[in-house]
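Taking it in order: structure first as structure tokens, then the write-up.
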Amino acid sequence: MAPPPADTLYYSHNLNPRVAVAVARHLRAPLRFVRADPMGRERAAFRPINPNTRVPILVEPSLTLWETDAIAMRLAERFDEGFWPPARRAEVMLWVSWAAHHFTSAAGVFYFEHIVVPRYFDRAPDLAAVQAADGDFRGFAAILDDTLASRRWLVGDAPTYADFRVAAALPFAEEARIPLEPFPRIRAWHGRLQELDAWRDPFAGLD
Ligand SMILES: N[C@@H](CCC(=O)N[C@@H](CS)C(=O)NCC(=O)O)C(=O)O
């Protein structure tokens with residue numbers, strides 16, 4: 001009988017942990033998946049493993065990592081280097097950085113105001129913030145859409161972490177009201193990602 005996995009990925013169903021769980025399952029990493037509430041009743045217990053009290057967190061016997069990108073890099077290094085190919089790691093990093101500072105940063109305003117605020121805050125969505133993000137989002141989305149005119153995946157000819165990271169907000173697009181209609185190539189690319197079980201339904205069989 002196989003021994004139980006020694007490593008644990010703490011997650012919730014929110015945007016960043018969703019990416020980490022999708023990566024882990026895409027790479028078939030033999031982890032123990034534990035759904036967590038690090039900013040709620042479990043906050044004190046999480047502080048020692050992530051002082052930010054956020055998920056995802058990957059706990060190995062001699063290494064603890066928070067931050068989705070670091071966890072993805074570690075899982076790729078351990079389970080499938082092709083997912084963050086060593087020969088093209090700068091190109092993957094380009095998209096990781098661009099997502100953090102531009103594309104997902106703009107999309108994240110829609111996600112936050114239309115999904116997080118109604119769920120967790122006692123206030124109405126900040127429509128001025130959404131309107132301000134709208135122009136930014138459309139500008140960055142146009143760049144991504146143009147890029148996808150000549151490629152199926154962002155780096156190389158198979159999905160890599162670049163695709164997962166840039167697409168982080170897109171599974172929430174409908175509920176978050178992210179304006180994707182003018183960007184057919186983004187919608188087609190995300191459709192290709194949705195063909196991957198791990199991306200479409202990362203929490204299948206999990207809590
Ligand atoms: N920069 C961090 C952000 C982590 C973060 O903000 N996590 C949020 C979800 S997106 C969180 O833990 N919120 C509390 C929860 O999901 O219960 C990363 O990339 O992993």
Side-chain angles (χ1 to χ4, degrees), residues 7-27 29 31-60 63-79 83-84 89 92-123 125-126 129-130 133 137 140 154 160-178 193 198-199 201-204 206-207:
D7 307 330
T8 300
L9 183 65
Y10 293 96
Y11 74 94
S12 73
H13 285 222
N14 290 324
L15 188 149
N16 286 296
R18 186 191 190 283
V19 173
V21 173
V23 170
R25 301 201 88 182
H26 183 62
L27 301 182
L31 304 176
R32 186 168 70 104
F33 294 89
V34 177
R35 190 168 178 179
D37 181 19
M39 299 184 82
R41 60 198 154 73
E42 298 176 311
R43 194 164 204 156
F46 273 90
R47 200 160 273 122
I49 54 170
N50 182 358
N52 304 289
T53 61
R54 283 174 163 77
V55 282
I57 308 167
L58 176 66
V59 179
E60 298 179 2
L63 178 69
T64 296
L65 292 173
W66 71 82
E67 293 301 315
T68 306
D69 300 332
I71 291 168
M73 182 182 268
R74 175 69 173 161
L75 295 177
E77 171 185 279
R78 288 181 61 196
F79 300 109
F83 191 65
W84 195 318
R89 65 185 170 201
V92 174
M93 193 61 212
L94 177 158
W95 291 109
V96 169
S97 182
W98 185 77
H101 298 292
H102 302 297
F103 186 71
T104 304
S105 167
V109 176
F110 292 83
Y111 174 81
F112 188 81
E113 295 298 332
H114 291 147
I115 296 182
V116 176
V117 166
R119 225 171 258 170
Y120 302 108
F121 291 74
D122 189 18
R123 69 162 173 85
D126 181 343
V130 173
F137 178 79
F140 297 129
L154 290 175
T160 66
Y161 186 59
D163 300 287
F164 278 40
R165 205 21 155 167
V166 172
L170 302 189
F172 304 95
E174 198 176 325
E175 193 183 352
R177 287 178 263 157
I178 297 171
L193 273 173
W199 185 258
D201 191 7
F203 306 115
L206 301 179
D207 190 11

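Just follow the structure's listing: the first ligand is 1, and inside any ligand the first atom is 1. The figures here come from the full heavy-atom set of this structure, side chains too, leaving out hydrogens, waters and symmetry mates.
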Below 4.5 Å, heavy atoms only, C-beta onward: do Phe203 and Tyr11 meet side chain to side chain?
yes
May I ask you to decide if the ring planes of Phe83 and Phe164 are parallel, tilted or perpendicular, using 30° and 60° as cut-offs?
perpendicular
Measure from NZ or CZ of Arg25 to the centre of the six-membered ring of Trp199, then state whether that distance is under 6.0 Å and the direction lies within 45° of the axis.
no
Parallel, tilted or perpendicular: ring planes of Phe103 versus Trp98, cut at 30 and 60 degrees:
parallel
Extract all N/O-N/O pairs under 3.5 Å that connect ligand 1 to the protein, and present each with both atom names and the distance rounded to 0.1 Å.
{"unit_1": "ligand 1", "atom_1": "1 (N)", "unit_2": "Glu67", "atom_2": "OE1", "d": "2.6"}
{"unit_1": "ligand 1", "atom_1": "1 (N)", "unit_2": "Glu67", "atom_2": "OE2", "d": "3.3"}
{"unit_1": "ligand 1", "atom_1": "6 (O)", "unit_2": "Arg54", "atom_2": "NE", "d": "3.3"}
{"unit_1": "ligand 1", "atom_1": "7 (N)", "unit_2": "Val55", "atom_2": "O", "d": "2.8"}
{"unit_1": "ligand 1", "atom_1": "12 (O)", "unit_2": "Val55", "atom_2": "N", "d": "2.8"}
{"unit_1": "ligand 1", "atom_1": "12 (O)", "unit_2": "Val55", "atom_2": "O", "d": "3.3"}
{"unit_1": "ligand 1", "atom_1": "16 (O)", "unit_2": "Ser12", "atom_2": "OG", "d": "2.6"}
{"unit_1": "ligand 1", "atom_1": "16 (O)", "unit_2": "Asn14", "atom_2": "ND2", "d": "2.6"}
{"unit_1": "ligand 1", "atom_1": "19 (O)", "unit_2": "Glu67", "atom_2": "OE1", "d": "3.3"}
{"unit_1": "ligand 1", "atom_1": "19 (O)", "unit_2": "Thr68", "atom_2": "OG1", "d": "3.3"}
{"unit_1": "ligand 1", "atom_1": "19 (O)", "unit_2": "Arg165", "atom_2": "NH2", "d": "3.4"}
{"unit_1": "ligand 1", "atom_1": "20 (O)", "unit_2": "Thr68", "atom_2": "N", "d": "3.0"}
{"unit_1": "ligand 1", "atom_1": "20 (O)", "unit_2": "Thr68", "atom_2": "OG1", "d": "2.7"}

Are Arg74 and Asp7 ion-paired here, with the side-chain N under 4.0 Å from a carboxylate O?
no
Please, which pairs that meet side chain to side chain donor-acceptor pair (under 3.5 Å) have at least one residue in residues 44-56, sequence neighbours excluded?
Arg43-Thr53, Asn50-Asn52
